[in-house]
There are 2 protein chains.
Amino acid sequence: MELDARKVTILKAIIKTYLETGEPVGSRTISKFSDLKLSSATIRNEMSDLEEMGYIIQPHTSAGRIPSDKGYRFYVDQILSEKDQEVTEMKELMIQRVDRVELLLKKLAQALAANTNYAALISGPQYHQNKLKFIQLSKVDVNKLLVVTMVEGNIIKNTIIDVKEPLRDEDLLNLNILLNSSLTGLTIEEINLGVITRLKEQAGLHGQVVDLVLNEVAEAIRADDEDLQIYTSGATNIFKYPELSDGEKASRLLRTFEEKDVLQDLIDEVNQNEAGSDTGIQVYIGDEMPVQGMKDCSVVTANYELGEGLRGTIGIIGPKRMDYEKVLGTLKNLMTQLDIAFKKEKGD
Amino acid sequence: MELDARKVTILKAIIKTYLETGEPVGSRTISKFSDLKLSSATIRNEMSDLEEMGYIIQPHTSAGRIPSDKGYRFYVDQILSEKDQEVTEMKELMIQRVDRVELLLKKLAQALAANTNYAALISGPQYHQNKLKFIQLSKVDVNKLLVVTMVEGNIIKNTIIDVKEPLRDEDLLNLNILLNSSLTGLTIEEINLGVITRLKEQAGLHGQVVDLVLNEVAEAIRADDEDLQIYTSGATNIFKYPELSDGEKASRLLRTFEEKDVLQDLIDEVNQNEAGSDTGIQVYIGDEMPVQGMKDCSVVTANYELGEGLRGTIGIIGPKRMDYEKVLGTLKNLMTQLDIAFKKEKGD
DNA sequence: GTTAGCACTCTTAAGTATCGAGTGCTAATA
DNA sequence: TATTAGCACTCGATACTTAAGAGTGCTAAC
């Protein structure tokens, strides 16, 4: 059987209606759908076909139809190939200059959740191919040093380390100059044994301190990798959708949302699949969802990039009947804004 | 009517049973309660009295009794005056040295939530009477300075500021020395106009930069005050308690838990009331709860102090029938641990 | 003062009847 | 041949009834 124009119209009408109401859609409802001038009986026949083709489902014998995962998929693919969306007020958020990316991301998550009425999730940028931009040791106590590192994108890390024997201010100054001249501009990966050995040689007496500092820097970076930087917001929005908010499900979902590890898995999965998509936007519907415990949901993800390998993932999680059109639009728009904002930041 | 020993025993038995089951408690149940050798009829009489006195409530005519807020209050006060509790494994958490208080707090919230099976909330320490411990400017770009400030308790803030005209390295060095010698050891309040004027004089040509830096420092501090530092964990634990987890209530509760402003209100309220308590531990039951939207819950709060005015609040939020004994014990214990940990840190 | 006994209340669960939205099928129609 | 009207049928949702059970309050006996 073929999916002709009329079937498509009807399928779209069914899905659209279902997205709004959340209730199974009957033939009469569609028959009254403005564009179509067909009786409910005709619609019934078509619906019967569509069901046979797997695009829609009957929850029980005498109910209307709801979209199947395949139906959603069809709908989403349609939109993906169509849309370029209106501009949201999210610009405002961008206009205020942001020094710390973390803050921006937190706010973004909030804005996304508020805008879409779904749950939003943003993974912090990975220390991927980032260049070290700046490193500084400061004495904050007789035998404590504060290590400040900063990488592309102005992401700043502080660690305090203990040194056995106090450094003189002069040595500290030299050490700082040495560290910066040796390490600045290198990616984390590029700071290899060769570089380290050379560095230690040059540090002379304080080789041991350098060792400690490097350890701590590496540690800070790794620790941060583990201390997953994932910002979430609007988890409670799921209560707006009855099909998700009944006790059992809501509980499981919210629990999942609290477990950053699981979310990290989701993001990893997304990044692996990225190849298959050109816009960088992906949609997982129902069973396509990579993580357990969210099989009743859909998630729309997008990768953002703040220049030079500093990249992360944004996700919108909602019910399967989420307003894909709006979400896809918002995300696409956001990507553009991020691009512009970062370009500006850079040229600034 | 008087609350004699037997009434107290029965009241306690009722509350204890209710804490476990969450179901109204009948006279027969209490009659079977080991310590008491009374028939259900006698218990009924006593229960009738207790109800008249306002300690327990009948949800409906032919149900058992549940504790009223007054009943809980009585129970909690009893415990408060009794307990000094067993040591939890929370020590482990303390033993690993923590450089950044924020991280500690985050972990603490998680540990508390996991331990108690309630929701936990920790407010970050306020910049209260804190002494500035360290300040440093670093050039990170041709016209960008990184300002690192650190106050007692090793809480570190980074801000990036733009300067109109680039500073020479030499000037920057001097400025750093000047800033540190002038400001270190002062509380935020002590950095007043007098200090600032003197500072600017000494800075000479770079008075303008100093101005900018101070603005940014103040801004950073204030911004942080607004950007409420509240860590929460275990919000989804409420699903473990049926009386909270039915749709409407759960939604409202979780929503409240997502709104850091409201939580901040709660904490402010707690800090105002602190005078009335000697241990620093307070319990709000049901309607006593200062914030709307949590009237069905109880919250146990405690103030922690990490030396010299660096203080914050810990809260455990759960159903009215929370296991007060355990929670109070855990918190009291935690306070001690924090004390020890911080003393060690300090003497280190 | 305590207890046994009993009638009474009220919730909960299970069973039953009814309603209505929606279907599938058939026969009539354009 | 495609569309439509008509109708019997299905099945979830809703409301109502009933029965069971837990628990009370009261009274009278111990």
Side-chain angles (χ1 to χ4, degrees), chain A residues 1-11 13-15 17-18 20-33 35-68 71 242-243 245-247, chain B residues 1-11 13-15 17-18 20-33 35-68 71 242-243 245-247:
Chain A
M1 203 176 320
E2 216 200 331
L3 196 63
D4 57 22
R6 197 171 72 174
K7 282 195 171 55
V8 170
T9 315
I10 292 175
L11 178 55
I14 293 172
I15 296 182
T17 314
Y18 182 69
E20 282 166 22
T21 64
E23 303 276 299
V25 186
S27 53
R28 248 182 72 81
T29 314
I30 299 302
S31 147
K32 280 181 292 190
F33 192 77
D35 294 7
L36 290 162
K37 269 151 200 157
L38 296 171
S39 76
S40 61
T42 313
I43 303 290
R44 275 205 288 284
N45 291 332
E46 294 287 29
M47 280 165 99
S48 183
D49 290 353
L50 283 169
E51 181 166 13
E52 199 180 324
M53 293 161 80
Y55 288 106
I56 51 181
I57 291 174
Q58 240 182 332
H60 56 265
T61 324
S62 77
R65 308 300 213 292
I66 64 176
S68 70
E243 70 267 40
S245 71
D246 61 343
Chain B
M1 204 174 324
E2 217 199 333
L3 196 63
D4 58 22
R6 197 171 71 176
K7 282 196 172 54
V8 171
T9 315
I10 292 176
L11 179 55
I14 292 173
I15 297 181
T17 314
Y18 182 70
E20 282 166 22
T21 63
E23 303 277 299
V25 185
S27 52
R28 248 182 73 81
T29 316
I30 299 303
S31 144
K32 280 182 289 190
F33 192 79
D35 293 8
L36 291 162
K37 269 152 198 154
L38 296 171
S39 77
S40 64
T42 312
I43 303 290
R44 275 204 289 284
N45 291 331
E46 295 286 27
M47 280 166 100
S48 184
D49 290 353
L50 282 170
E51 181 166 13
E52 198 180 325
M53 293 161 79
Y55 289 105
I56 50 181
I57 291 174
Q58 236 180 334
H60 56 266
T61 324
S62 78
R65 306 304 211 291
I66 64 174
S68 69
E243 70 268 39
S245 72
D246 60 345

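Naming: A, B, ... by sequence-line order, numbering from 1 per chain. Values in this document were obtained by computation on a predicted structure and should not be read as measured data.
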Quiz item: Distance-only, no hydrogens or angles: does the B:T17 side chain make a donor-acceptor pair with backbone N or O of B:A13 under 3.5 Å?
Solution: yes

Quiz item: Judged by atom type as modelled, is there a donor-acceptor pair below 3.5 Å linking the side chain of B:S68 to the main-chain atoms of B:G54?
Solution: yes

Please confirm whether the shortest side-chain N or O distance from [X] to OP1 or OP2 of [N] is below 4.0 Å.
| X | N | result |
| --- | --- | --- |
| A:R44 | D:dC7 | no |
| A:T61 | D:dG12 | no |
| B:S40 | C:dT3 | no |
| B:R65 | D:dG23 | no |

Rounded interatomic separation in angstrom, taking [atom1] from [X] and [atom2] from [N]:
| X | N | atom1 | atom2 | answer |
| --- | --- | --- | --- | --- |
| A:I30 | C:dT23 | CD1 | C1' | 15 Å |
| B:Q58 | C:dC8 | CD | C1' | 13 Å |
| B:E52 | D:dG25 | CD | P | 11 Å |
| B:I43 | C:dG1 | CD1 | P | 16 Å |
| B:H60 | C:dT11 | NE2 | P | 5 Å |
| A:K32 | C:dG22 | NZ | P | 8 Å |
| B:E51 | D:dG23 | CD | P | 15 Å |
| B:I56 | D:dG23 | CD1 | P | 14 Å |

Are [X] and [Y] packed together at the side-chain level, in the sense that at least one heavy-atom pair is separated by less than 4.5 angstrom?
| X | Y | result |
| --- | --- | --- |
| B:M47 | B:I14 | yes |
| B:Y55 | B:L3 | yes |
| B:E51 | B:I56 | yes |
| A:L38 | A:R6 | yes |

N/O to N/O distances under 3.5 Å, protein versus nucleotides 2-4 of chain D:
{"unit_1": "D:dT3", "atom_1": "OP1", "unit_2": "A:R6", "atom_2": "NH1", "d": "2.7"}
{"unit_1": "D:dT3", "atom_1": "OP2", "unit_2": "A:R6", "atom_2": "NH2", "d": "3.2"}
{"unit_1": "D:dT4", "atom_1": "OP2", "unit_2": "A:S39", "atom_2": "N", "d": "3.1"}
{"unit_1": "D:dT4", "atom_1": "OP2", "unit_2": "A:T42", "atom_2": "OG1", "d": "2.6"}

Self-check item: Approximate separation, where rounding is to 0.5 Å, of B:L50 CG and B:I57 CD1
Solution: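 Rounded to the nearest 0.5 Å, the CG-CD1 separation comes to 12.5 Å.
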
Quiz item: A:S62 side chain: which of C:dG22, D:dT24, C:dG24 is closest?
Solution: C:dG22

